[in-house]
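Structure record follows, encoded as structure tokens.
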Amino acid sequence: MSARKHSREGTFPPAPEPLPVAVPDSHTHIDITLEDDGVGGPSTVADALALAEAAGVDRLVQVGVDVPSSQWGVRVAEEHPGVVATVALHPNDAPRLADLDAALREIERLAAHPRVRGIGETGLDYFRTGEDGRKAQHESFRAHIAIAKRHGKTLVIHDRDAHDDILRVLDEEGAPDQVVMHCFSGDESFARDCLDRGFLLSFAGTLTFGNARQLRAAAAITPLDGLLVETDAPFLTPTPFRGRPNASYLIPLTVRALAEVTGHDLDALCAALSANGTRAFGQWR
């Protein structure tokens, strides 16, 4: 989702039925969630973790979108065993930075931290950034790929309206060992292209939207060992609460939808999501 705060008005939804087997939220923005104007949600990191754990979400990946949020994520991951961090410059921010090289140097410095398990969200966004910003986006994306490979970290991809170029750049640069397609947004054909390359597909609340038929078709052909689930909180709140603030405790809504779409037993799906989270981001504790 877009970098930094986008306030969501209204109350946070009620907690859903907990999952039978705990899973990780593979992509959340705790910092933006805590800044949100929604009522009834978490007010501290400890609150966010407690609400999530009660719902069967035992681990969170705090995702950086700029230098300040990446630095914040590292501090939170140091203080909370249930959190690991990723660090990056969001693709929509890359063209706006006065000194992209300096920001990338700070991301590289943070990447060495043991509680940093991923580089992202990085990638390409042709929806919010026009032709004039694409050169900087590509430069930043290629730099993040190199950082991920130098530090042996998972690459977390933001891809909006840029499927072909995402794959082209990854093929040209050589992808890291682990790649996560954050908030997967493609169809069945693009899913197969990503899975053939060994990427993990992370599905968000968009899977539950009424207009997401192609996305559900993509999820249906994804094997258990290729799946992750995420909130992208505070954005992309699942149906029936679309438009209200999101948080990690709402993951069960998406997981149950994923089980229905894929036909997998809920317990088996949760176990796979847990194992895939560990494969992508290591042990939390």
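Computed from heavy atoms alone, side chains included, the values below leave out hydrogens, waters and symmetry copies.
- Side-chain contact between D161 and S185: absent, with no pair of heavy atoms (C-beta onward) separated by less than 4.5 Å.
- In this structure the side chain of L51 never reaches within 4.5 angstrom of the side chain of S248, judged on heavy atoms.
- In this structure, CG on D93 lies 11.0 Å from OG1 on T122, to the nearest 0.5 angstrom.
- The nearest pair of heavy atoms linking A247 to T33 is CB-CG2, 4.3 Å.
- Around CZ of R213, the count of heavy atoms belonging to other residues, nucleotides or ligands within 6.0 Å does not exceed 12.
- At least one side-chain heavy atom of L155 sits under 4.5 Å from a side-chain heavy atom of L170.
- To the nearest 0.5 Å, the span separating CG on L250 from OG1 on T237 amounts to 7.0 Å.
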Using atom types as modelled, flag every donor-acceptor pair under 3.5 Å from a side chain in residues 201-210 to any protein atom, sequence neighbours excluded.
{"residue": "S202", "atom": "OG", "partner": "S26", "partner atom": "OG", "Å": "2.9"}
{"residue": "S202", "atom": "OG", "partner": "E230", "partner atom": "OE1", "Å": "2.7"}
{"residue": "T208", "atom": "OG1", "partner": "G205", "partner atom": "O", "Å": "2.7"}
{"residue": "T208", "atom": "OG1", "partner": "T239", "partner atom": "N", "Å": "2.8"}
{"residue": "T208", "atom": "OG1", "partner": "T239", "partner atom": "OG1", "Å": "3.3"}

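- Rounding to the nearest 0.5 Å gives a distance of 9.5 Å between NZ of K149 and CG of D177.
- A pairwise comparison of heavy atoms in A103 and L97 identifies CB-CD1, 4.0 Å as the closest pair.
- At distances below 3.5 Å, not a single donor-acceptor pair connects side-chain atoms of D125 with backbone N or O atoms of P91.
- Side chain of H144 to main chain of L89: a donor-acceptor pair is present (N/O by atom type, distance under 3.5 Å, no hydrogens or angles).
- Between H138 and Y126, the ring-plane angle classifies as parallel under the 30° and 60° cut-offs.
- Counting only heavy atoms from C-beta outward, the side chains of D25 and Y249 never approach each other to under 4.5 Å.
- Donor-acceptor pairing under 3.5 Å is lacking for the side chains of E35 and H29.
- Residues H182 and V63 are not in side-chain contact: their nearest non-hydrogen atoms beyond the backbone lie 4.5 Å or more apart.
- To the nearest 0.5 Å, the span separating CZ on R256 from SG on C270 amounts to 7.5 Å.
- For the atom pair CG (L253) and CG (L258), the distance works out to 12.5 Å, reported to the nearest 0.5 Å.
- At most 12 non-hydrogen atoms from other residues, nucleotides or ligands lie less than 6.0 angstrom from CD of E260.
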Original post:
Would H80 and L60 satisfy side chain to side chain contact (heavy atoms under 4.5 Å, CB included), going step by step from the backbone distance to the final call?
Top reply: CA-CA 10 Å; H80 297 274; L60 310 183; over 6 Å; no
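- Legend: residues meeting side chain to side chain donor-acceptor pair (under 3.5 Å) with E79, ordered by chain and number and at least two apart, are absent.
- Put simply, NE2 on H158 and NE2 on H90 are 4.0 Å apart, with the number rounded to the nearest 0.5 Å.
- For the pair D232 (side chain) and F235 (backbone), a donor-acceptor distance under 3.5 Å is absent.
- Checked against side chain to side chain donor-acceptor pair (under 3.5 Å), E172 has the following partners two or more places apart in sequence or in another chain: R142, R168.
- The side-chain heavy atoms of F184 and L228, taken from C-beta on, include no pair separated by under 4.5 Å.
- With salt bridges taken as basic N to acidic carboxylate O contacts below 4.0 Å, one links E131 and R134.
- Looking at T154, its side chain does come within 3.5 Å of a backbone N or O of A280 through a donor-acceptor pair.
- Other residues, nucleotides and ligands contribute at most 12 non-hydrogen atoms within 6.0 Å of the CG atom of D164.
- Salt bridge annotation for E78-R75: absent, with no cationic side-chain nitrogen under 4.0 angstrom from a carboxylate oxygen.
- Looking at heavy atoms from C-beta onward, P234 lies out of side-chain contact with F12 at the 4.5 angstrom threshold.
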**OP:** Begin with the C-alpha distance, continue with both residues' side-chain angles, and end with the deciding distance and a verdict on side chain to side chain contact (heavy atoms under 4.5 Å, CB included) for V74 and H113.
**Re:** CA-CA 8 Å; V74 172; H113 195 286; 3.6 Å; yes
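- Under 3.5 Å, the side chains of N246 and T231 contain no donor-acceptor pair of N or O atoms.
- Considering only residues two or more places apart in sequence or on other chains, F199 meets the ring-ring contact (aromatic ring centres under 6.0 Å, His included) condition with none of them.
- Using a distance-only test at 3.5 Å, with no hydrogens or angles considered, a donor-acceptor pair links the side chain of R279 to the main chain of D225.
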**OP:** Given side chain to side chain contact (heavy atoms under 4.5 Å, CB included), test H151 with V116 step by step and report yes or no.
**Re:** CA-CA 10 Å; H151 292 273; V116 171; over 6 Å; no
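- Under the salt bridge (charged side-chain N to carboxylate O under 4.0 Å, His left out) criterion, D171 pairs with R197, not counting sequence neighbours.
- Side-chain contact between T262 and T222: absent, with no pair of heavy atoms (C-beta onward) separated by less than 4.5 Å.
- No donor-acceptor distance shorter than 3.5 angstrom exists from the side chain of D31 to the backbone of S70, with no hydrogens or angles considered.
- No more than 12 heavy-atom neighbours from other residues, nucleotides or ligands sit within 6.0 angstrom of CD on Q214.
- Residues passing the side-chain contact (heavy atoms from CB on, under 4.5 Å) test with R117, sequence neighbours excluded: V84, R115, F281.
- Nearest heavy atom pair, residue P13 against residue P245, reads CD-O, 3.2 Å.
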Subject >> Criterion side chain to side chain contact (heavy atoms under 4.5 Å, CB included) on I119 and V87, from CA distance to verdict >> reply: CA-CA 5 Å; I119 304 302; V87 298; 3.9 Å; yes
